[in-house]
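The block underneath contains the structure these notes are about, expressed in structure tokens.
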Amino acid sequence: MMLQIKKITMDSISEDQFAQIVSIEELNQQQPYTPEMLQECICELDTFACLRGKEILGFITVNTDSQYLGGSLYVVNLNVRADCRRQGIGGKLMETAFRAFPECHRLSLDVEKENTGAIALYTKLGFQITDEPSRNGDTDWVMVKE
């Protein structure tokens, strides 16, 4: 079955699909967003999901109105199911989000300094670590792709 990346809202996904998003978040993050926080992100920000049929394999949430880092398109959350990693899904989600907002000239994100796998992925996608301070404090790097 073909993979599809599409913009989602709480109205466009089923309860089961939202539960899949919550599960992906809880399994991937040391400090996961709560279901309420995830719902708020999907309602208030732009979220794209990678689907195989009705199954969610990964998702990205971006903030297009951010004053953070000079108004760049800011990646709030990017998660891919563990069994679906290394298949290009994270990169496709980022590319889709970036192309959806052609007025944005740069993409930025915070990443935990200890998350070497994510740093390697973002570097492969063209991101560079900056000296800009992270809104999360000293535990994170800010990475930017122009």
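If you're wondering where the values come from, they're calculated on a predicted model, not measured in any experiment. We use all heavy atoms of the structure for the numbers below, so side chains are in, but hydrogens, waters and symmetry mates are not.
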Subject >> Sequence neighbours excluded, every pair satisfying salt bridge (charged side-chain N to carboxylate O under 4.0 Å, His left out) that has a member inside residues 89-101 >> reply: Glu95-Arg99
Subject >> Pairwise salt bridge (charged side-chain N to carboxylate O under 4.0 Å, His left out) hits with a residue in residues 30-39, at least two apart >> reply: none
Subject >> Residue list, ring-ring contact (aromatic ring centres under 6.0 Å, His included) with Phe59, at least two apart or on another chain >> reply: none
Side chain to side chain donor-acceptor pair (under 3.5 Å) involving [X] - partner list, sequence neighbours excluded:
X      : result
Asp140 : Asn136
Asp46  : Lys7
Asp16  : Gln20

Among residues at least two apart in sequence or on other chains, which ones pass side-chain contact (heavy atoms from CB on, under 4.5 Å) with [X]?
X      : result
Gln31  : none
Met37  : Tyr33, Thr34
Arg52  : Met1, Leu3, Glu55, Leu57, Arg81
Thr130 : Glu132, Val142, Val144

Tell me the closest heavy-atom pair linking [X] and [Y], and the distance in Å.
X     : Y     : result
Ser12 : Thr9  : OG-N, 2.8 Å
Leu73 : Ala97 : CD2-O, 3.7 Å
Ala82 : Asn28 : N-OD1, 4.4 Å
Gly58 : Ile24 : N-CD1, 4.3 Å
Ile42 : Ile8  : CG2-O, 4.3 Å
Pro32 : Glu26 : CB-CA, 3.9 Å

Original post:
Got a sec: does the CD of Glu146 have more than 12 other heavy atoms crowding it under 6.0 Å?
Top reply: yes
**OP:** Might you confirm whether atom CD of Gln128 has over 12 heavy atoms from other residues, nucleotides or ligands at distances under 6.0 Å?
**Re:** no
Is there a side-chain contact between [X] and [Y] (heavy atoms, below 4.5 Å)?
X      : Y      : result
Ile119 : Glu112 : no
Asp110 : Met143 : no
Met94  : Leu125 : yes
Ile21  : Ile13  : yes
Lys54  : Leu51  : no
Phe48  : Thr61  : no

Original post:
What ring-ring contact (aromatic ring centres under 6.0 Å, His included) pairs are there with at least one residue in residues 116-146, not counting sequence neighbours?
Top reply: Tyr122-Phe127
Original post:
Are Ile129 and Leu109 co-members of a hydrophobic cluster defined by side-chain heavy atoms under 4.5 Å apart?
Top reply: yes
**OP:** Can you measure from CG (Leu78) to CD1 (Ile60) and round to the nearest 0.5 angstrom?
**Re:** 5.0 Å
Subject >> Nearest-0.5 Å distance that lies between atom CD1 in Ile56 and atom SG in Cys84 >> reply: 11.5 Å
Original post:
Do Asn77 and Gln29 have side-chain N/O donor and acceptor atoms under 3.5 Å apart?
Top reply: no
Original post:
So, does Gln17 use its side chain to make a donor-acceptor pair with the main chain of Ser14 at under 3.5 Å?
Top reply: yes
